[in-house]
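Each ligand, and each atom within it, is numbered from 1 in the order the structure gives.
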Amino acid sequence: MFAKQRPGSLEVICGPMFSGKSEELIRRVKRALIARQKVQVFKPAIDDRYHATAVASHSQQKLDAVPVRDSSDIRAHLAPDTEVVAFDEAQFMDEGTVALCDELADRGVRVIVAGLDQDYTSAPFGIMPVLLAKAEFVSKLQAICVVCGALASRTNRLVHKGGQVLVGAAEAYDARCRHCHEKPGAGEAGLFGDAQEG
Ligand code: ADP
Ligand code: ZN
């Protein structure tokens, strides 16, 4: 509990949609700002749900963020004296983001990443499983299942079209527990193109 802490680590906040990942990311960043640390916040440009240049939660909290296309874009924006780097929707980031997170943490930067650990088929989403394996600190959040009220670990897609990525909020997805989560039907692709069964 009180062991010495050296600066530089990777924190991952994961869980389904509506579990409070963005809220938690915003909370951590706000506290770092209160501590007068130099913070840079990014978000993948693919996610334009609410505001092009903000991390936004479903509960209307917001934080200014620089939209980026990929990890090289983040590199180009990084200030040399940055102490905290945070980004949301990490499941949409490219593979180079893993090495970047490692490099930053090795250099003494506190890296805070939030993202969906599972896609709507409940398969591991993008680079998230690798980031989870590499992280010193993992917070796995749960939402509330809209069907039964239990804790919800999964994101359920309400519209039956599109591939793994279909950006949207309440109209396209809801949160479900394991038991109420709907398995995708035949022809709906999972992470590696294979629909999950049964
Ligand atoms: P995430 O980033 O994980 O999608 P947000 O931080 O954007 O989550 O939003 C979390 C907020 O969503 C909650 O504080 C709550 O106000 C709202 N919310 C809406 N539906 C649900 C649900 N089914 N379970 C929990 N919270 C929900
Ligand atoms: Zn349920």
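- Cluster membership check: F137 does not share its hydrophobic cluster with I127, using side-chain heavy-atom separations under 4.5 Å among Ile, Leu, Val, Met, Phe, Trp and Tyr.
- By the 4.0 Å heavy-atom criterion, G15 is excluded from the residues contacting ligand 1.
- Around the Zn ion (ligand 2), protein atoms of type N, O or S found under 2.8 Å number 4.
- Here the side chains of L116 and K21 are in contact, with some heavy-atom distance below 4.5 Å.
- Short contacts between ligand 1 and P16, defined as distances under 4.0 Å to a heavy atom of the residue, involve ligand atoms 3 (O).
- Residues satisfying the salt bridge (Lys or Arg N to Asp or Glu O under 4.0 Å) test with K134, not counting sequence neighbours, are D102.
- In terms of modelled atom types and a separation under 3.5 Å, the side chain of N156 and the main chain of E182 share a donor-acceptor contact.
- Of all the atoms in ligand 1, the ones that sit under 4.0 Å from a non-hydrogen atom of S57 are 5 (P), 6 (O), 7 (O).
- Hydrophobic clustering keeps Y120 apart from I144 (ILVMFWY residues linked when any side-chain heavy atoms are closer than 4.5 Å, directly or through intermediates).
- Looking at A152, A143, G20, A175 and measuring to atom 10 (C) of ligand 1, the nearest heavy atom belongs to G20.
- The shortest N or O to N or O distance between I144 and ligand 1 is under 3.5 Å.
- Within 6.0 Å of the CZ atom in R75, the count of heavy atoms belonging to other residues, nucleotides or ligands exceeds 12.
- In this structure, A114 falls outside the shell of residues with a heavy atom less than 4.0 angstrom from ligand 1.
- With respect to R27 and E24, a salt bridge is recorded, a charged nitrogen being found less than 4.0 Å from a carboxylate O.
- For E95, the CD atom is loosely surrounded, since the number of other residues' heavy atoms within 6.0 Å does not exceed 12.
- Compare E89, E23, Q142 by their heavy atoms: the one nearest to atom 14 (O) of ligand 1 is in E23.
- Proximity of L131 to V98: side-chain heavy atoms (C-beta onward) are separated by under 4.5 Å at one or more points.
- Residue M17 has at least one heavy-atom neighbour below 4.0 Å for each of these atoms of ligand 1: 4 (O).
- Atoms of ligand 1 found under 4.0 Å from any heavy atom of V146 (numbered from 1 in listed order, with element): 23 (N).
- In this structure, L100 and M93 have side chains that are not in contact, with every pair of non-hydrogen atoms separated by 4.5 Å or more.
- Checking H58, R176, E24 against atom 7 (O) of ligand 1, the nearest heavy atom belongs to H58.
- Listed by atom number, the atoms of ligand 1 under 4.0 Å from F18 heavy atoms are 1 (P), 3 (O), 4 (O), 8 (O), 10 (C), 19 (C), 20 (N), 21 (C), 22 (C), 24 (N), 25 (C), 26 (N), 27 (C).
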List the steps and the verdict of side chain to side chain contact (heavy atoms under 4.5 Å, CB included) for Q61 and K30. CA-CA 11 Å; Q61 296 187 59; K30 282 190 173 160; 4.2 Å; yes

